[in-house]
Amino acid sequence: MIDLSLEAGKPQSNGKVALVTGAVRGIGLGISAWLIAEGWQVVLADIDRKRGAKVARALGSSAWFVGMDVAQESQVAMGVAEVLGQFGRLDALVCNAAVADPRNPPLAELKLSHWNQVLGVNLTGPLLLAKHCSAYLQAHRGAMVNIASTRAHQSEPNSEAYAASKGGLLGLTHALAISLGPDVRVNAVSPGWIDARSPSERQQAPLSAQNHVQHPAGRVGSVEDVAALVAWLLSDRAGFVTGQEFIVDGGMTRKMIYLD
């Protein structure tokens, strides 16, 4: 298990560089820590510059931070240029940055500005990152993973913008796999019910029995479940895998039970 208390060891470097967006908390932080443990140099990209710099320092010499609003092409281009200037290469891209609250306003109150914000970060962001990173990924026969959501498959009240953005991200993933193949593998991971807290936070405040009862398999997922899959998809062990969606929800898809 990766310790997300922000204490990092000194893994043997594999010489590869990964750019992870939305990387300073939750699933993005878990992915970054897991990749570092497997020897990657990880560039943490996030709009939260203050926290990002602090997290990168805590993760150690294998972590580097770049500030980026993924919905702004100028910032994406500048951030990717910084990565190339620092490391001279890019082997993997993980698009995790998102407007993450799936419970949008009721449809009658949904403002176009909110819709545009959600789709801008969740869907336009991965497109811009693919556009500006693809040549460098192709140069090293790299890989890209988009973090989608089971909301692309499940109906939930007041989630129109979020569900549309994640459904569109799956379509974008399939299209990029064709456009960038065979040199770049592109896949999507769709988390379901995931406890995105760090291991120390989960230990201090465990989920209740009721939380687990709501899950058909009696188990809520963790950031490590997602991070381990992403790491595998970025590795040579997944060399034949592209254009796919991997659902990480313990069998809950289309079986959602709503809490009162």
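Hydrogens, waters and symmetry mates are skipped; everything else that's a heavy atom, side chains included, is used.
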| Val241 and Leu170: same hydrophobic cluster, using ILVMFWY side-chain contacts below 4.5 Å? | no

| Distance-only side-chain donor-acceptor flag, Thr150 / Asp249, under 3.5 Å | no

| said: Quick one, Arg151 with Gln154, criterion side chain to side chain contact (heavy atoms under 4.5 Å, CB included). Give me CA distance, side-chain angles, the key distance, then yes/no. | reply: CA-CA 5 Å; Arg151 289 295 171 272; Gln154 296 167 333; 2.7 Å; yes

| said: Taking the side chain as everything from C-beta on, heavy atoms only, tell me whether Val43 gets closer than 4.5 Å to Val20. | reply: no

| field | Side-chain donor or acceptor of Asp91 paired with backbone N/O of Val17 under 3.5 Å | value | yes

| request: Compare every heavy atom of Ile36 with every heavy atom of Ala63, then report the nearest pair and how far apart it is. | output: CB-CD1, 3.9 Å

| query | To the nearest 0.5 Å, what is the distance between CG (Leu93) and CG (Asn146)? | reply | 7.5 Å

| Val230 versus Trp34: any side-chain heavy-atom pair under 4.5 Å? | no

| query | For residues 161-174, which residue pairs qualify under salt bridge (Lys or Arg N to Asp or Glu O under 4.0 Å), counting only residues two or more places apart or in two chains? | reply | none

| Do any N or O atoms from the side chain of Gln41 and from the backbone of Ser62 form a donor-acceptor pair under 3.5 angstrom? | yes

| Audit row: Met144, Arg185, side chain to side chain contact (heavy atoms under 4.5 Å, CB included) steps and yes/no | CA-CA 6 Å; Met144 176 178 179; Arg185 292 175 290 109; over 6 Å; no

| For Ser134 and Leu180, which heavy atoms make the closest approach, and how far apart are they? | CB-CD2, 3.8 Å

| task | Would you check, one step at a time, whether the test side chain to side chain contact (heavy atoms under 4.5 Å, CB included) holds for Leu107 with Asn158? | result | CA-CA 6 Å; Leu107 184 59; Asn158 307 324; 5.6 Å; no

| Donor-acceptor contact present, side-chain Ser235 to main-chain Trp232, <3.5 Å | yes

| field | Euclidean distance, Asp46 CG relative to Arg25 CZ, rounded to 0.5 Å | value | 6.0 Å

| What distance separates Glu82 CD from Gln86 CD, expressed to the nearest 0.5 Å? | 9.0 Å

| Any Leu129 side-chain heavy atom under 4.5 Å of Val70 side chain | yes

| said: Give me each pair satisfying salt bridge (Lys or Arg N to Asp or Glu O under 4.0 Å) with a member in residues 229-245, each pair once, sequence neighbours excluded. | reply: Lys16-Asp236

| said: Could you tell me if the side chain of Val99 sits less than 4.5 Å from the side chain of Gln117, heavy atoms only? | reply: yes

| Can you tell if the side chain of Val55 reaches within under 4.5 Å of the side chain of Phe65, non-hydrogen atoms only? | no

| field | Verdict with reasoning, Phe87 to Trp64, per side chain to side chain contact (heavy atoms under 4.5 Å, CB included) | value | CA-CA 10 Å; Phe87 299 103; Trp64 193 68; 3.7 Å; yes

| So do the side chains of Leu19 and Val94 get within less than 4.5 Å of each other, counting heavy atoms only? | no

| Closest approach of Gly30 and Ala227, non-hydrogen atoms and distance? | O-CB, 3.6 Å

| Validation row: Leu172, Leu127 side chains within 4.5 angstrom (heavy atoms) | yes

| message | Can a donor-acceptor pair be found, under 3.5 Å and without considering hydrogens, that links the side chain of Ser165 to the backbone of Tyr162? | response | yes

| query | Looking at His153 and Ser149, what are the two nearest heavy atoms and their distance? | reply | CD2-O, 4.5 Å

| request: Could you tell me whether a side-chain N or O of His174 sits under 3.5 Å from a main-chain N or O of Gly243, the two making a donor and an acceptor? | output: yes

| request: Compare all side-chain heavy atoms of Val66 with those of Leu44 and state whether any distance is below 4.5 angstrom. | output: no

| note | Note: Arg89 and Val83 closest approach over all heavy atoms is O-CG1, 4.3 Å

| Is the backbone of Gln244 close enough, under 3.5 Å, to the side chain of Asn187 for a donor and an acceptor to pair up by distance? | yes

| field | Check: Ser222/Glu224 side-chain N/O donor and acceptor closer than 3.5 Å | value | yes

| request: Find out if a path of hydrophobic residues (ILVMFWY) with successive side-chain heavy-atom gaps under 4.5 Å connects Leu29 to Ile47. | output: no

| task | Calculate, to the nearest 0.5 Å, the distance between atoms CG and OH belonging to Leu90 and Tyr136 respectively. | result | 9.5 Å

| task | Check Cys95 against Thr21 and note the closest heavy-atom contact, atom names and distance. | result | CA-OG1, 3.5 Å

| said: Nearest 0.5 Å, please: how far is CG in Leu169 from CD1 in Ile147? | reply: 9.0 Å

| task | Could you grab the distance from atom NZ of Lys54 to atom CG of Leu59, nearest 0.5 Å is fine? | result | 12.0 Å

